[in-house]
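Read the structure below first, then the notes.
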Amino acid sequence: MSDIAVLVVGGAGYIGSHSAKALKNAGFLPVVIDDISAGHAHNVKYGPLIKANMNDKAAITDAIKQYNPQAIMHFAASIEVGEGEKDPLKFYKNNVANSIALFDTAIENGVKNIVFSSTAATFGVPQSKYIDENHTQEPINTYGRTKLMVEKILIDLGKAHGVNSAILRYFNACGADPDGELGEEHNPETHLIPNVLASIAGRRTMLSIFGDDYETPDGTCVRDYVHVSDLADAHVAACKYLIENGKSIDLNLGTKNGNSVLEIMQAAERVTGLPCSREICPRRAGDPPFLVADSTKARQTIGFNPIRSDIETILKDAWNFHKKAWNI
Ligand code: UFG
């Protein structure tokens, strides 16, 4: 019997490509749909690439007819929070309108299992130390609002059309494929770990530390860093959950361990054996001081087990990838 196909929309991007690899390793055929506007064709190595936007009804319909996928993983989105504040319509079009087009085509063609990339940004300002799925969702930026809107759309589609969705809210995705085949390549890069490593590698003059006067142990912001390959495994587990149980689920994916900006920087210095030049800069707008997940539900329902998400492993894998990409 041929492998069960899964459409991986946005599968040429960071988390999408790692998830395509995890699908392949679990015996599925990942069929990537990506317009390569932000992703990279060289990340698509584990199944076919269909170069199309998710709003391309004809291309998605053809892909469904050809491969008969049992599920869709939907990663495609504009993700840079600051850009969303400057150009909200781009975010509402890419993240909301195009998702609606994708779901329309999926329903029309009978694909009813959808794994959706959501984010901790849907919660807004944390009201409790650890954030579980019952935390209120009051996003404070356009990016978070677009993701929350799609969450609500999926719930409505569940009621009206029997769509089963797995809403996966990532905290801080980071690291790289342990085999060195994939990694983080955003342009522009705004995320902490690639920026720390770029400073260490001399590819930027200084790391800017955005604020050291927060109410946290060392004054810098604390985040819940999750290895991208652990997230990828969670996507496969969520996909199997939908196929086997035929019901929807929403899960926060983190580790319940926080690391501060300074701790990440110091760990990167240990792992690479090289110093990181840094400067303290003003706070970045919209950064909560402490953002850490309670992922008990994910552990209990899909067996989420972030085995690679200790900070040393994250940095070692990210550094291996960047060393190769940067010819170091
Ligand atoms: N930071 C720096 N210097 C940098 C980059 C980041 O000090 O050069 C700090 C930030 O201020 C923040 C922490 O490092 O305190 C982490 O920042 P990232 O940009 O790596 O990640 P965020 O926590 O801002 O964002 C992540 C995801 C977003 C998502 C958000 C949810 O990348 O997509 O979590 O809250 F929206």
Side-chain angles (χ1 to χ4, degrees), residues 10 13-16 38 75-85 91 94-95 116-127 130-131 135 137-148 150-151 168-176 184-201 203-228 231 252-255 258-268 276-293 311 314-315 318:
Y14 176 43
I15 307 173
F75 298 92
S78 296
I79 59 159
E80 213 264 285
V81 173
E83 189 192 13
E85 300 309 290
F91 277 57
N94 281 346
N95 297 2
F116 174 59
S117 290
S118 192
T119 167
T122 59
F123 292 113
V125 180
Q127 307 295 318
Y130 301 114
I131 300 185
H135 191 283
Q137 288 181 289
E138 288 173 7
I140 55 166
N141 52 49
T142 301
Y143 170 66
R145 274 188 287 280
T146 63
K147 288 288 182 176
L148 182 57
V150 178
E151 287 194 14
L168 304 184
R169 302 187 193 96
Y170 319 142
F171 281 62
N172 286 61
C174 54
E184 192 166 6
E185 297 172 275
H186 297 119
N187 187 17
E189 187 54 80
T190 60
H191 293 97
L192 177 64
I193 290 179
N195 283 351
V196 168
L197 295 176
S199 302
I200 283 177
R203 294 177 64 87
R204 50 188 294 147
T205 45
M206 292 268 179
L207 172 73
S208 302
I209 295 180
F210 299 132
D212 69 347
D213 56 353
Y214 286 97
E215 280 183 26
T216 57
D218 65 22
T220 63
C221 287
V222 172
R223 293 288 180 275
D224 189 341
Y225 293 89
V226 198
H227 195 297
V228 63
L231 290 179
N252 291 359
L253 299 181
T255 67
N259 279 280
S260 72
V261 174
L262 282 178
E263 283 170 340
I264 294 291
M265 198 201 67
Q266 285 154 0
C276 178
S277 22
R278 83 295 301 252
E279 60 183 340
I280 306 297
C281 297
R283 292 180 178 197
R284 191 173 69 175
D287 273 344
F290 186 97
L291 200 51
V292 177
I311 211 62
I314 286 171
L315 286 162

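Counting convention: from 1, in listed order, for ligands and their atoms alike.
Geometrically, ligand 1 and Arg204 share no nitrogen or oxygen pair separated by less than 3.5 Å. In terms of polar-atom proximity, Tyr225 is not counted as a contact of ligand 1, lacking any N or O under 3.5 Å from an N or O of the ligand. Here's the thing with Leu192: one of its N/O atoms is less than 3.5 angstrom from an N/O atom of ligand 1. The shortest N/O to N/O separation between Ala120 and ligand 1 does not fall below 3.5 Å.
Listed by number with element, the atoms of ligand 1 under 4.0 angstrom from any heavy atom of Thr119 are 29 (C), 31 (C), 36 (F). Applying the 4.0 Å criterion to heavy atoms of Ile209 picks out, from ligand 1, the atoms 7 (O). Atoms of ligand 1 lying under 4.0 Å from any heavy atom of Leu291, numbered from 1 in the order shown and given with element: 35 (O). Taking every non-hydrogen atom of Val81 and a distance limit under 4.0 Å, the qualifying atoms of ligand 1 come out as 36 (F).
Closest to atom 5 (C) of ligand 1 among all protein heavy atoms lies Thr190 O, 3.3 Å. The nearest heavy-atom contact from the protein to atom 3 (N) of ligand 1 is Ser208 O, 2.7 Å. Nearest protein heavy-atom contact of atom 7 (O) of ligand 1 is Phe210 N, 3.0 Å. Looking only at protein heavy atoms, the nearest one to atom 11 (O) of ligand 1 is Asp287 OD2, 2.5 Å. For atom 9 (C) of ligand 1, the nearest non-hydrogen atom of the protein is Val261 CG2, 3.8 Å. Of the protein's non-hydrogen atoms, Cys221 CB, 3.0 Å is the one closest to atom 15 (O) of ligand 1. Looking at atom 8 (O) of ligand 1, its nearest protein heavy atom turns out to be Asn195 ND2, 3.1 Å. Atom 27 (C) of ligand 1 has as its closest protein heavy atom His191 NE2, 4.1 Å.
For Asn95 (side chain) and Tyr143 (main-chain N/O), no donor-acceptor pair under 3.5 Å exists by modelled atom type. Remark: side-chain polar atoms of Glu185 are not paired, donor with acceptor, to backbone N or O of Tyr14 under 3.5 angstrom. Side-chain N or O atoms of Glu184 include none that pairs as donor or acceptor with a backbone N or O of His186 at under 3.5 Å. Using a distance-only test at 3.5 Å, with no hydrogens or angles considered, no donor-acceptor pair links the side chain of Asp287 to the main chain of Cys221. A distance-only check finds a donor-acceptor pair linking the side chain of Asp224 to the backbone of Ala293 [under 3.5 Å]. A side-chain donor-acceptor contact under 3.5 Å links Gln127 to the backbone of Val125.
Looking at Asn172 against ligand 1, only its side chain comes within 4.0 Å, counting heavy atoms. In Ile264, neither the side chain nor the backbone holds a heavy atom less than 4.0 Å from any atom of ligand 1. Neither the backbone nor the side chain of Pro288 comes within contact range of ligand 1; no heavy atom lies under 4.0 Å. Neither the backbone nor the side chain of Tyr170 has any atom closer than 4.0 Å to an atom of ligand 1 (non-hydrogen atoms only). Contacts of Arg284 with ligand 1, taken as heavy-atom pairs under 4.0 Å, involve the side chain alone. With a 4.0 Å heavy-atom cut-off, ligand 1 is reached by no atom of Ile193.
In this structure, Tyr225 and Thr255 have side chains that are not in contact, with every pair of non-hydrogen atoms separated by 4.5 Å or more. At least one side-chain heavy atom of Met265 sits less than 4.5 Å from a side-chain heavy atom of Leu207. With a 4.5 Å cut-off on side-chain heavy atoms, Asn252 and Ile131 count as touching. Side-chain contact between Ser277 and Arg204 is absent, with no heavy atoms from C-beta onward closer than 4.5 Å.
Within the structure, the salt bridge (charged side-chain N to carboxylate O under 4.0 Å, His left out) test picks out the following pairs touching residues 211-220 (sequence neighbours left out): Asp213-Arg283.
The salt bridge (Lys or Arg N to Asp or Glu O under 4.0 Å) test applied to Arg169 returns Glu151, Asp250, not counting sequence neighbours.
The shortest heavy-atom contact between Ala121 and Asn141 is CB-OD1, 4.4 Å.
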